[in-house]
Amino acid sequence: SKIKDMSSEVVDSNPYSRLMALQRMGVVENYERIRDYSIAIVGIGGVGSVAAEMLTRCGLGRLLLYDYDTVELANMNRLFFRPEQVGMTKTDAAVQTLSGINPDVVLESYSLNITTVKGFETFLASLKARSSHGRSTGVDLVLSCVDNYEARMVVNQACNELGQTWMESGVSEDAVSGHIQLLVPGETACFACAPPLVVASGVDERTLKREGVCAASLPTTMTWCLQGVVAGLLVQNALKYLLNFGQVSPYLGYNSLKDYFPTMEMRPNPQCSNPACVQRQKEYMDSKPARDAAAKAK
Ligand code: ATP
Ligand code: ZN
């Protein structure tokens, strides 16, 4: 037959072994540690679902997923969700797909609106669950992949309250630019410290939600392509942060028309309107002598 059996040539199909190669090449020192980490992803849409899949394939220990929406046919020209999942909550559909990809990842599905009182309570409680060794939360990182200002402000509030490091992501309305940003309470600007650089959102809802139609058009295609790029940048930055290699980007923008990648660093605003941010800034200043001493001892 003309079809060659390749099975003997596939050295090892274990995803870990491919990633371990990075370790052998000296890029990452201790890749297996990925299994010890937990990440919360808020918003399982164009960016969050793809980021979740990447982290699942990486062999992350535990993934907590938050979204209030259900899978619609209009989501089908995007990445990740499948037609037979229409009607399921996005978080349940994601758990279904991700557990098939890598059954070793502990997956938690939270179908809720983080901006409601009850949703916020559950969100906070789930982040705090399994906290240990003096840590205020049981997760190592929160990734914000929502598409609106209110939800970002709520993730900001939760993370400032908990002293939780998080990363924000967004794609511009015109689908030509995106960004990722690292937020460390007290140490970097929080989301309320400075006006947002990009008010990110999807394209016009009307172009997406025609009943029973898989809306495929240039704007929607550009949107999900860009969401895929931003998901990649976000996961890359998350891995660098967790596994301690390379340089973690404080802010990285991407303009797809100009291939322009702006970077910058933003200090916290002492006059920030968020009291928890101001409190974390004070703690960070107070811990400076201890941090300096530790740096000197190294
Ligand atoms: P649609 O176009 O139908 O809004 P989407 O997949 O394009 O969906 P994205 O911009 O890709 O949406 O992703 C944002 C995700 O964040 C959506 O799945 C949305 O449901 C979710 N989201 C936004 N706000 C909240 C919130 N307050 N609580 C929980 N999830 C939220
Ligand atoms: Zn602030």
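For ligands, and for the atoms within them, numbers begin at 1 and follow the listed sequence. Small disclaimer: the values here were computed from a predicted structure and weren't measured.
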Geometric N/O contact Y66 with ligand 1, under 3.5 angstrom: no
For N113, atoms of ligand 1 separated by under 4.0 Å from a heavy atom: 26 (C), 27 (N), 28 (N)
Close N or O approach (I114, ligand 1; < 3.5 Å): yes
L243 and Y37, any side-chain heavy atoms less than 4.5 Å apart: yes
Mode of E150 contact toward ligand 1 - side chain, backbone, both, neither (heavy atoms, under 4.0 Å): neither
Salt bridge flag under 4.0 Å for residues D104 and R35: no
Proximal ligand 1 atoms for G43, defined as those under 4.0 Å from one of its heavy atoms: 15 (C), 16 (O), 21 (C)
Metal-centred angle, the Zn ion (ligand 2) as apex - SG of C190, SG of C193, 10° resolution: 110°
Flag side-chain contact, heavy atom, 4.5 Å: V42 against F123: yes
Option of least heavy-atom distance to atom 10 (O) of ligand 1 (set: D147, V154, T223): D147
Test: E283 and R280 ion pair at under 4.0 Å: yes
Those atoms of ligand 1 less than 4.0 Å from some heavy atom in N148: 23 (C), 24 (N)
Polar side chain donor-acceptor pair, T97 to R82, under 3.5 angstrom: yes
Atom indices of ligand 1 within 4.0 angstrom of G46 heavy atoms, with elements: 6 (O), 9 (P), 11 (O), 13 (O)
Under 4.0 Å to a heavy atom of A151 - the qualifying atoms of ligand 1, by number: 24 (N), 27 (N)
Residue-ligand contact C145/ligand 1, heavy atom below 4.0 Å: yes
Contact check, side chains of Q281 and P270, non-hydrogen atoms, under 4.5 Å: yes
Heavy-atom side-chain proximity of D67 to L65 below 4.5 angstrom: no
Close side-chain approach of F81 to I44, heavy-atom, < 4.5 Å: yes
Contacting atoms of ligand 1, where contact means under 4.0 angstrom from a heavy atom of K90: 5 (P), 6 (O), 8 (O), 17 (C), 18 (O)
K282 side chain near V278 side chain, heavy-atom distance below 4.5 Å: no
Beyond-backbone contact of Y31 with C58, side-chain heavy atoms, under 4.5 angstrom: yes
Sub-4.0 Å atoms of ligand 1 with respect to non-hydrogen atoms of L112: 28 (N), 29 (C)
Nearest option to atom 17 (C) of ligand 1, as decided by whichever heavy atom of D69, D67, T115 sits closest: D67
Angle subtended at the Zn ion (ligand 2) by SG of C277 and SG of C272, nearest 10°: 110°
